[in-house]
Amino acid sequence: KLREMLKGKPSLPSPYINDISLYIHDMRLLKNVVNEYLIYNGIINHENKRKSIFLFSIILYKNLFTKEFSKEHYREGLLSKTFNEKKELILENVIKDKIEQRANLINQKNKILSETAQSETKLREEYIFEIQKNNPSIKSICSYSIVDILIEENFSQLLNEPQIEIYYEYTFHNYKVEKKQIDFNEIQKKVNPEKTYKERLELIKQRNSKNQLKIELEISKNEEEIEKSKRKKLSELIKLYKDNSWEDIIFNNDDDKTESKDKKLSREKKLLMLLLRKGYIEENYPLYISYFYEGALIYKDFEFLLNVK
């Protein structure tokens with residue numbers, strides 16, 4: 001029917017007609033929309049300088065959501081709320097995982113930076129020093145000298161079988177050696193109450209392997225993706241959804257519970273969702289709506305603003 005009404009007149013793209021035809025069954029409504037379109041198309045869209053689908057979509061919205069359209073002039077209508085408020089909520093859902101990922105990366109980076117030991121050897125020295133503080137006459141640790149126990153492979157034995165050997169001197173040149181078990185977990189808590197030796201060692205290894213630089217690059221890439229998402233149009237954000245949950249964000253304030261009317265609104269809403277999802281109504285909608293109000297822009301001003309956009 002729509003194709004027949006537009007025959008020999010400013011036409012609309014076939015894919016667009018196919019899309020909206022599924023939702024329009026009221027012939028009187030269709031005639032009103034087409035008549036308005038033909039009038040305003042000659043004024044606003046002469047010489048086809050602008051996409052006809054934007055104008056036709058706004059006229060559809062005007063006829064389907066009359067009350068909401070009347071509020072658009074005061075930026076209180078459904079489209080105003082959608083593009084100024086609901087779009088932010090839709091964006092938040094899109095970038096939620098990226099923001100969480102960025103927070104984890106920053107936390108990981110800060111952990112690496114918080115490690116004070118400058119090397120793996122210096123780290124092990126902290127624990128050996130703590131053992132020596134309480135055992136000044138120590139001879140060896142796990143059968144290794146104080147120097148040799150600082151080697152990572154040898155130090156690992158201290159984690160598994162913490163044992164030390166201590167001198168007990170009686171007189172000059174007379175002493176005995178006694179083996180003593182120690183609690184390495186307690187040593188760890190005294191050196192650093194928040195992190196274990198293994199956790200700190202891993203942070204140093206990450207720092208030395210330039211993993212910190214890799215994390216910084218990932219943070220930078222992540223922030224770039226977030227900023228890129230912020231610049232997307234609503235229709236582009238909607239395409240990033242894996243389901244239709246974005247629809248609930250837009251229509252979550254509806255209070256109409258009447259069954260018969262709800263069915264009618266359901267079709268209207270589905271059509272509006274299509275117009276938003278396909279980008280048939282975009283962020284530049286106020287420029288088209290403004291022409292329907294008294295004191296609206298003249299064509300040249302309208303064209304100038306569209307070109308600036």
Side-chain angles (χ1 to χ4, degrees), residues 2 6 10-24 26 29-30 32-41 43-45 48-91 94 229-241 244-254 265-293 296-297 302-303 305-309:
L2 182 54
L6 291 172
S11 61
L12 295 165
S14 291
Y16 176 75
I17 293 176
N18 292 338
D19 283 340
I20 65 174
S21 295
L22 295 172
Y23 301 94
I24 304 175
D26 187 333
L29 170 69
L30 187 58
N32 289 340
V33 172
V34 170
N35 287 336
E36 277 195 67
Y37 166 71
L38 294 176
I39 293 171
Y40 283 100
N41 187 71
I43 300 172
I44 300 175
N45 203 31
N48 282 329
K49 289 186 177 180
R50 302 304 305 170
K51 290 184 178 178
S52 300
I53 57 174
F54 291 161
L55 177 59
F56 197 92
S57 297
I58 288 298
I59 294 173
L60 267 176
Y61 172 66
K62 176 177 178 288
N63 282 268
L64 291 172
F65 296 87
T66 308
K67 289 183 180 179
E68 294 298 326
F69 184 86
S70 66
K71 298 176 187 176
E72 297 296 347
H73 189 52
Y74 306 99
R75 298 186 178 181
E76 296 176 356
L78 182 55
L79 288 185
S80 295
K81 291 177 181 176
T82 295
F83 285 99
N84 296 324
E85 300 171 18
K86 306 298 179 70
K87 182 181 177 182
E88 287 298 315
L89 297 175
I90 290 172
L91 171 65
V94 168
S229 295
K230 289 180 179 179
R231 294 191 295 270
K232 288 184 181 295
K233 295 179 179 180
L234 177 62
S235 57
E236 293 172 326
L237 292 174
I238 289 172
K239 288 177 183 177
L240 298 177
Y241 271 69
N244 293 328
S245 58
W246 63 273
E247 298 172 357
D248 298 329
I249 296 175
I250 293 177
F251 295 110
N252 66 351
N253 291 324
D254 293 325
L265 286 176
S266 176
R267 184 175 294 164
E268 293 169 350
K269 289 177 183 178
K270 286 181 180 178
L271 176 54
L272 182 57
M273 285 183 243
L274 170 76
L275 298 176
L276 293 172
R277 179 167 51 85
K278 292 275 191 173
Y280 296 147
I281 293 180
E282 291 188 333
E283 281 73 2
N284 64 355
Y285 77 93
L287 298 176
Y288 287 89
I289 284 181
S290 66
Y291 217 89
F292 294 87
Y293 294 105
L297 301 171
F302 185 82
E303 182 70 9
L305 288 176
L306 285 175
N307 288 332
V308 170
K309 288 285 183 178

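Along the sequence shown, the residues carry numbers beginning at 1.
Glu72 places a side-chain N or O within 3.5 Å of a backbone atom of Leu79 that can act as its donor or acceptor partner. For the pair Glu68 (side chain) and Leu78 (backbone), a donor-acceptor distance under 3.5 Å is present. Panel note: side chain Glu283, backbone Leu234; a donor-acceptor pair is recorded below 3.5 Å. In this structure a side-chain-to-backbone donor-acceptor pair under 3.5 Å is missing from Lys86 to Lys81. At distances below 3.5 Å, at least one donor-acceptor pair connects side-chain atoms of Asp26 with backbone N or O atoms of Leu29.
Ile249 is listed as a side-chain neighbour of Tyr241, based on a closest heavy-atom distance under 4.5 Å. Residues Leu60 and Tyr280 fail the side-chain proximity criterion, which asks for heavy atoms closer than 4.5 Å. Taking 4.5 Å as the limit, every side-chain heavy atom of Asp248 sits out of range of all side-chain heavy atoms of Trp246. In this structure, the side chains of Lys278 and Ile53 stay at 4.5 Å or more apart for every pair of heavy atoms. Under the 4.5 Å side-chain criterion, counting only non-hydrogen atoms from C-beta, Val94 is not in contact with Lys232. Side-chain contact between Ser57 and Tyr285 is absent, with no heavy atoms from C-beta onward closer than 4.5 Å. Ile20 places a side-chain heavy atom less than 4.5 Å from the side chain of Leu275. Contact annotation: the side chain of Phe56 approaches that of Tyr16 to within less than 4.5 Å [non-hydrogen atoms, C-beta and beyond].
To the nearest 0.5 angstrom, Tyr288 atom OH is 5.5 Å from Phe54 atom CZ. Note that CD1 of Ile58 is 10.5 Å distant from CD of Glu282, once rounded to the nearest 0.5 Å. To the nearest 0.5 Å, atom NZ of residue Lys270 and atom CG of residue Leu22 are 11.0 Å apart. To the nearest 0.5 Å, the span separating NZ on Lys239 from NZ on Lys233 amounts to 9.5 Å. A distance of 6.5 Å separates OG1 in Thr82 from CG in Leu272, rounded to the nearest 0.5 Å.
When every heavy atom of Glu88 is checked against every heavy atom of Asn84, the shortest pair comes out as CG-O, 4.1 Å.
Side-chain contact of Ser80 with Tyr74: a donor-acceptor pair under 3.5 Å is absent, judged by distance alone.
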